[in-house]
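Just below is one structure, and these are the notes that go with it.
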Amino acid sequence: MTELIAPGLVQPLVEVLLVLGLAAFALGVLTYRGSWFVKKARLYLFTTDHKKIGLMYIVTGFIFFFIGGSYAILIRTDLGFVQGLGLDPETTLGITPDVYSTLFTMHGVLMIFMFVMPVLAGFGNLLVPSMIGAREMALPRINAIAFWMIPPAGVILILSNAYAGWTGYVPLSEQAFGPNPHGIDLWILGLHILSASSMMGAANFLVTIIKHRAPGVEFWNLPLFVWSILINSVLLLFALPSLTIALTFVLADRNFGTHILAASNGTPLGGALLYQNLFWFFAHPEVYILVLPAFGIISTVLPKLARKDIFGYGAMAVSLGVFAVLSFAVWQHHMFVTGVSTNVRFVFMLSTMAIAVPSAVKTFNWLATLWGGRIWMAVPMWFCAAFITGFVIGGLSGLFLASIPIDYLYHATYFVVAHFHYVILGGTVMALFAGIYFYYPVLVRRWYNQRLAQIHFVLTYIGTNVLLFPMFILGAEGMPRRVYEYLPTANFQFWNFVSSIGAAIFGIAQLFFVFNMVHSYFKGEPVTTDDPWGEPLPSKMTGPVPTPAPLPSRSPVPAVSAAPTVPGPGLLH
């Protein structure tokens, strides 16, 4: 077949198209809203206001969401639409093995470190001070610095074109790749900057929650979202140093000839296993860093729209702490196939299965909160329900991988890809959309278009499941992950094609989301009440009227640092 794109040019073309797209968007904004843009830029550029910083976190995260998603679309186009139809990826798209390695590496790194983590930090900045009665974050300038470290780190990561997978396993990450000899060095630099930013933010949250609560706001009556941010900050402070150490070892081996990871303890594989232990001691708590604030968002939105207090507040708070403890005791289940002692593997298998207990506590408590509630089936509630289903599928599939003999079958197959993506895409991302649709009218004081929001949900939910569920089948049939070509069997080609259709549906859905958010900012119907999510019309309510449990009493006198919430024209206007 005639070569359409020269091999090796896909990555530069993607970056050029992204830059041109962002430039066109910026030019359009300046053309039609130039004075407004300048005013807003001056307002946000030097701000230390926690709400404005929170919004900048969220907007920045979603910009990288689309950049990281473009890499995923190329991956799915290769595996589903090109190879699924029996074509050659090199001659059709110009995707060589090296280009493919870069695509899935950058997709994973950007989605985790530049999308999910910043957006969750944005929600923390928006909500935590108000929820605990504080006027501002404890260290507002540090808060601003932590945010402004993120955009340059994202640019460095994109320019790195790293090729060693988002895990950066050695010895691959220590090898010099001809066309991109310093890619891993830039990748490590970007992650070091992001780690420093996250640790600064985590320390800020801890000080704010512990020392800046208003009178009457005690640990036993903290909102669950605040609990999730508190525990999430502890996880960050304990987990990130392990990643920093591992990456510093790689950097030293690459540039200073230290050979720390090349051969450890006199064994050829020692360095690789040392890196894996250090990396997964960070990366498995990282999974809960990506999920715990999402739990907090669901535990905030769902009770409000169910018109009930959260069921089992104490158990929900304790389960968050159990997640934190157990998350540091399960990392070696990622290494069951590396020859670890059977006794060690057995202990980690039990601890991994034990983590299903707090997961079940939270899931059943959310369902109990819905039971008997007067549920307002608004779009945020739709996304809450989607989160529960996605998280359950992701969690149950994790139990399969916790079993040593089953993990031997499914390790490094697409079953693992489906499991992880169901937790993050089917879980955390659904919670993020629930939070955005819930707080948009609160902050902007305008309603989004309900029909567009419903279309966004339907397409997102269908796309997510059509994209991910076939990966379970592919993994069960033995298709390995991280491969640029696969055996052209009928089943592999068919299910990859179906999965890629799901990716296309999911991508189209996000265009509805962006248009709705931008258009509604200028043209949305004004919010006319102090609480947009107050009691709706009776015709929209279903179920019996619940008897709410009494809330803990709080001191009516605010602390010196507390600022009462005053309804206004909206944070963004």
Side-chain angles (χ1 to χ4, degrees), residues 40 43 47 49-55 58 122-137 212-217 221-226 296-310 369 373-384 433-450 453 516-517 519-542 545-559 561-573:
K40 291 299 179 182
L43 187 64
T47 185
D49 177 36
H50 70 95
K51 290 184 178 179
K52 291 183 175 64
I53 292 174
L55 288 171
I58 293 173
F123 274 102
N125 273 275
L126 275 174
L127 303 178
V128 166
S130 300
M131 285 182 169
I132 65 174
R135 186 183 301 274
E136 185 51 82
M137 294 288 287
H212 285 245
R213 301 188 311 275
V217 182
N221 64 1
L222 279 179
L224 288 173
F225 179 78
V226 179
I297 293 172
I298 298 299
S299 298
T300 302
V301 175
L302 190 142
K304 178 70 174 181
L305 297 182
R307 308 305 187 214
K308 285 180 62 179
D309 289 334
I310 193 75
T369 302
R374 296 178 299 137
I375 301 172
W376 184 359
M377 286 305 297
V379 172
M381 179 61 82
W382 293 15
F383 277 103
C384 288
F433 284 129
I436 288 171
Y437 280 113
F438 185 80
Y439 284 105
Y440 187 90
V442 177
L443 298 173
V444 180
R445 306 305 295 173
R446 289 185 184 273
W447 283 105
Y448 42 80
N449 184 289
Q450 299 295 326
N516 196 4
M517 295 295 102
H519 181 266
S520 299
Y521 175 85
F522 298 106
K523 303 294 185 180
E525 295 183 8
V527 173
T528 57
T529 61
D530 293 342
D531 182 6
W533 299 108
E535 292 288 333
L537 297 175
S539 60
K540 295 183 179 179
M541 308 298 290
T542 58
V545 178
T547 302
L551 295 173
S553 60
R554 297 184 179 183
S555 172
V557 181
S561 62
T565 301
V566 180
L571 176 63
L572 296 176
H573 285 276

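Atom set for the values below is all heavy atoms of this structure, side chains included, hydrogens, waters and symmetry mates excluded.
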So, do [X] and [Y] sit near enough that their side-chain heavy atoms are less than 4.5 Å apart?
| X | Y | answer |
| --- | --- | --- |
| Val217 | Val226 | no |
| Tyr437 | Trp382 | no |
| Val444 | Tyr439 | no |
| Ser299 | Phe225 | no |
| Leu127 | Thr300 | no |
| Phe438 | Leu305 | yes |

As an exercise, state the distance from [atom1] of [X] to [atom2] of [Y], rounded to the nearest 0.5 Å.
| X | Y | atom1 | atom2 | result |
| --- | --- | --- | --- | --- |
| Lys304 | Thr369 | NZ | OG1 | 15.0 Å |
| His212 | Arg135 | NE2 | CZ | 12.0 Å |
| Leu224 | Ile297 | CG | CD1 | 12.5 Å |
| His519 | Asn449 | NE2 | CG | 8.0 Å |

Taking all non-hydrogen atoms of both residues into account, name the closest pair between [X] and [Y] and its distance.
| X | Y | result |
| --- | --- | --- |
| Gly524 | Arg446 | O-NH1, 2.7 Å |
| Gly216 | Asn221 | O-ND2, 2.9 Å |
| Lys51 | Leu126 | O-CD2, 3.5 Å |
| Asn125 | His50 | O-ND1, 2.6 Å |
| Arg307 | Gly534 | NH2-O, 2.7 Å |
| Val301 | Cys384 | CG1-SG, 3.7 Å |

| said: For a side chain to side chain contact (heavy atoms under 4.5 Å, CB included) check, start with the C-alpha distance between Met517 and Ile436, then their side-chain angles and the critical distance, and finish with the verdict. | reply: CA-CA 10 Å; Met517 295 295 102; Ile436 288 171; 4.0 Å; yes
| request: Would you please classify the geometry between the Trp533 ring and the Trp447 ring as parallel, tilted or perpendicular, with 30° and 60° separating the classes? | output: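 Judged by the thresholds at 30° and 60°, the geometry between Trp447 and Trp533 is perpendicular.
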| field | N/O donor-acceptor pair under 3.5 Å between Tyr440 side chain and Tyr521 backbone | value | yes
| Should the heavy atoms of other residues, nucleotides or ligands under 6.0 Å from CD of Glu525 be counted, would the total exceed 12? |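 No, because the 6.0 Å sphere around CD of Glu525 holds 12 heavy atoms or fewer from other groups.
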